[in-house]
There are 2 protein chains.
Amino acid sequence: MSCQESFFRELRERGLRLTPQRELVLSVLHEMEGLAGAEEIYRRVQALSTAVDISTVYRTLDLLQEFGVVAVVDGADGQRRYELTAGRTPHVHLVCSRCGAVISADQAPVRGLADTLRAAYGFELDLKRISLSGLCPACR
Amino acid sequence: MSCQESFFRELRERGLRLTPQRELVLSVLHEMEGLAGAEEIYRRVQALSTAVDISTVYRTLDLLQEFGVVAVVDGADGQRRYELTAGRTPHVHLVCSRCGAVISADQAPVRGLADTLRAAYGFELDLKRISLSGLCPACR
DNA sequence: ATGCCTGCAAACCGTTTGCATCCAC
DNA sequence: GTGGATGCAAACGGTTTGCAGGCAT
């Protein structure tokens, strides 16, 4: 079942509607690799259809986050960035606090941490929303 | 050597000045436990002296961050939070994405992760700026 | 026909900035 | 006296919201 189809189904289950705008946002997310802010997603959507408002992009991204199909990362610059998770290799983001570069890292070592935190604090780590600040190899 | 003294010395080394406002912000940070946003720090400073502007608080917090005496956490709500690190047990923050509760967790398990990331990606994790999103025991 | 969605525009809010003045050195 | 620091107020930028109209169901 394609991603669009499961999206449609999830919408119907909640009594929500499949609109052209929502399809556009989802297809733009598909074409992207790596994280993108709402502004960039908006620009790419507009390239396909000019009559989409940025507030609709925000509302759709909220929806997709609720559905768990996008990962959300709150950048140190105050911008929120998004990335499709469905059908992709799970990974975490290493963000360089000096140059802003983003490295996609294997999720495995973080899963170990998640286990530890669950055992020690009863805290359920959200692997979809992890970004780690630090210095990339170039900036070290 | 007290924290105030080392702060003073660090300022002088850079040709900067020790002002009453900077002392106030630092003393408020001392009295706090846990994270606090600029707005709350501002309020506490005003309780001591009404004639301090919030822009000064922001400028001072930037300075303290540069000096490495405060830890900075970018919250999912878009607010930046601060906490004194000098003379305190190192820890990381577990932030509940539902209720906003913050748990202070031992840094040890994260240090293991830091070693792994350094070895695998050459990425130097900034332990002072780590906050992990997830669900607290109550919200699970 | 119903009520969910949209575009538009304005509000929001934490943070930053420009500038004249002030004061720590 | 000098140049960094402050207060004030305005700007900024990403995000949210209210509302009237539109369209998927």
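A note on names: the letters A, B, ... follow the listed sequences, proteins ahead of strands, and every chain is numbered from 1.
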Pairwise side-chain contact, Leu29(A) with Ile41(A), heavy-atom cut-off 4.5 Å (strictly under): yes
Pairwise side-chain contact, Val73(A) with Val102(A), heavy-atom cut-off 4.5 Å (strictly under): no
Polar atom pairs (N or O), protein with nucleotides 14-22 of chain C, under 3.5 Å:
residue: dT15(C); atom: OP1; partner: Arg80(B); partner atom: N; Å: 2.8
residue: dT15(C); atom: OP2; partner: Tyr58(B); partner atom: OH; Å: 2.4
residue: dT15(C); atom: O5'; partner: Tyr58(B); partner atom: OH; Å: 3.2

Heavy-atom neighbours of Glu13(A) CD exceed 12 at 6.0 Å: yes
Arg88(A) atom CZ, over 12 foreign heavy atoms within 6.0 Å: yes
Restricting both atoms to N or O, compile the protein contacts to nucleotides 20-25 of chain D shorter than 3.5 Å, with distance only.
residue: dA24(D); atom: N3; partner: Arg17(A); partner atom: NH1; Å: 3.4

Smallest separation among heavy atoms of Ser49(A) and Leu24(A), with atom names: CB-CD1, 3.7 Å
Rounded to whole Å, please give me the gap between [atom1] in [X] and [atom2] in [N].
{"X": "Leu61(B)", "N": "dT6(D)", "atom1": "CG", "atom2": "P", "value": "12 Å"}
{"X": "Arg14(B)", "N": "dA5(D)", "atom1": "CZ", "atom2": "P", "value": "11 Å"}
{"X": "Phe7(A)", "N": "dC5(C)", "atom1": "CZ", "atom2": "C1'", "value": "12 Å"}
{"X": "Gln46(B)", "N": "dT6(D)", "atom1": "CD", "atom2": "P", "value": "15 Å"}
{"X": "Glu40(B)", "N": "dC13(C)", "atom1": "CD", "atom2": "C1'", "value": "17 Å"}
{"X": "Gln21(B)", "N": "dC8(D)", "atom1": "CD", "atom2": "C1'", "value": "14 Å"}

Polar side-chain atom of Thr85(B) near backbone of Val69(B) as donor-acceptor pair, under 3.5 Å: yes
Main-chain N/O of Ala76(B) paired with Arg80(A) side-chain donor or acceptor, under 3.5 Å: yes
Cationic N near anionic O, under 4.0 Å, Arg59(B) to Asp62(B): no
